[in-house]
Amino acid sequence: MNAKAIEAARRWRPERRPAAVALTWAWFAYLSVLVQLVYVVEKGYYATQGRLGIPGGPLVSVSQYAETSDVALTQWTLALLGLLSAIIALAAVRPWGGLVPRPLLLLGLWATGALAAVSQIHVAWEVLFPSGPGGWSPWAAVQGVAALCLWLAMAWIYTRRLGLDTTAVANTGRDAK
């Protein structure tokens, strides 16, 4: 293998002793984790009551309940997906996240961001152009957009992370004389 290929392989391999990201860059991730955990609690609360939906969301019709075979299982599954996204966010900034291959973590970050973006486009559309009574509350839409912005900022910072590591010594090729 040539030197360029070896260097490229090193960039994609997990570090042996990863370090935590400085709080300057990590606060996006921590706030995203907080938002995801609130989502998990809301979904868990609704699952224990056997209800579909989410606080601030539209009213759920009887036909939607009829189409859902197990309401509690559906809500717990969504809560687990929220928990998984919180773990992905933590992996982006905590030392143990360096053990996950970078392409896999990037895929998780951007795929979650894309799914959240599609969801928020739908919510914003329903707030601006309601399709019926009992739609999304504007406050829920604002919270969702804020959470999406946090997530996308975190994903972007993780994508650019190699250039943001202030503890690493930069090799610029301009050695002091």
Side-chain angles (χ1 to χ4, degrees), residues 12 14 18 20-21 26-159 161:
W12 292 103
V21 176
W27 70 270
F28 291 105
Y30 293 127
L31 284 176
S32 292
V33 168
L34 181 65
V35 168
Q36 293 303 319
L37 292 178
V38 167
Y39 174 81
V40 168
V41 168
E42 289 174 341
K43 284 296 186 182
Y45 176 71
Y46 269 41
T48 58
Q49 293 183 341
R51 292 173 55 191
L52 286 175
I54 192 162
L59 299 174
V60 180
S61 67
V62 176
S63 65
Q64 289 172 312
Y65 278 101
E67 293 170 4
T68 307
S69 60
D70 190 349
V71 173
L73 179 64
T74 301
Q75 293 290 60
W76 283 119
T77 302
L78 292 171
L80 283 174
L81 288 174
L83 191 59
L84 177 64
S85 66
I87 291 169
I88 290 171
L90 280 177
V93 294
R94 299 303 306 154
W96 52 266
L99 301 174
V100 178
R102 185 172 169 79
L104 185 62
L105 197 50
L106 282 169
L107 177 67
L109 286 167
W110 286 108
T112 303
L115 289 172
V118 168
S119 173
Q120 281 312 119
I121 289 170
H122 170 74
V123 170
W125 184 265
E126 285 294 318
V127 167
L128 295 173
F129 309 104
S131 59
W136 285 94
S137 73
W139 181 242
V142 169
Q143 286 177 317
V145 169
L148 176 62
C149 289
L150 276 172
W151 188 273
L152 293 177
M154 175 194 55
W156 178 252
I157 287 172
Y158 182 78
T159 302
R161 181 174 168 187

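Of the inter-residue distances, the one linking Thr112 atom OG1 with Leu107 atom CG reads 8.5 Å to the nearest 0.5 angstrom. Distance check: Ile88 CD1 to Leu109 CG gives 6.5 Å after rounding to the nearest 0.5 Å. Once rounded to the nearest 0.5 Å, the distance linking OH of Tyr46 with CG of Leu78 reads 13.5 Å. From Gln75, atom CD reaches atom CG of Asp70 across 10.5 Å, with rounding to the nearest 0.5 Å. The distance from the CD1 atom of Ile121 to the CG atom of Leu148 is 8.5 Å, given to the nearest 0.5 Å. The line from CD1 of Ile87 to CG of Leu80 is 9.0 Å long, rounded to the nearest 0.5 Å.
At a threshold of 4.5 Å between non-hydrogen side-chain atoms, the residues Trp76 and Thr48 count as touching. Side-chain atoms of Val93 and Tyr158, non-hydrogen and from C-beta on, never get closer than 4.5 Å to each other. Residues Trp156 and Trp110 meet the side-chain proximity criterion, which asks for heavy atoms closer than 4.5 Å. Side-chain contact between Leu83 and Tyr39: absent, with no pair of heavy atoms (C-beta onward) separated by less than 4.5 Å. A heavy-atom distance below 4.5 Å is found between the side chains of Tyr30 and Arg94. A 4.5 Å side-chain heavy-atom check between Glu42 and Val38 finds at least one atom pair inside the cut-off.
When every heavy atom of Pro138 is checked against every heavy atom of Val127, the shortest pair comes out as CA-CG1, 4.1 Å. Nearest approach of Thr77 to Leu73, heavy atoms of both residues: OG1-O, 2.7 Å. Here the shortest heavy-atom pairing between Leu152 and Gly113 reads CD2-CA, 4.0 Å. Shortest non-hydrogen contact noted between Gly44 and Ala79 is N-CB, 4.3 Å. Ala89 and Val33 get closest at one heavy-atom pair: CB-CG2, 3.7 Å. Across all their heavy atoms, Ser61 and Ser63 have their closest contact at OG-OG, 3.0 Å.
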Begin with the C-alpha distance, continue with both residues' side-chain angles, and end with the deciding distance and a verdict on side chain to side chain contact (heavy atoms under 4.5 Å, CB included) for Leu150 and Trp27.
CA-CA 9 Å; Leu150 276 172; Trp27 70 270; 4.3 Å; yes

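More than 12 heavy atoms of other shown residues, nucleotides or ligands fall within 6.0 angstrom of atom OH in Tyr65.
Taking the centre and axis of the six-membered ring of Tyr45, the NZ or CZ atom of Arg51 falls outside the cone set by 45° and 6.0 Å.
Distance alone, capped at 3.5 Å, is enough to place a donor-acceptor pair between the Ser32 side chain and the Phe28 backbone. Within the 3.5 Å criterion, the main-chain N or O of Pro130 finds no donor-acceptor partner in the side chain of Trp136. For Ser137 (side chain) and Ala140 (main-chain N/O), a donor-acceptor pair under 3.5 Å exists by modelled atom type. Remark: the backbone N or O of Leu81 is not paired with any side-chain donor or acceptor of Gln36 at under 3.5 angstrom.
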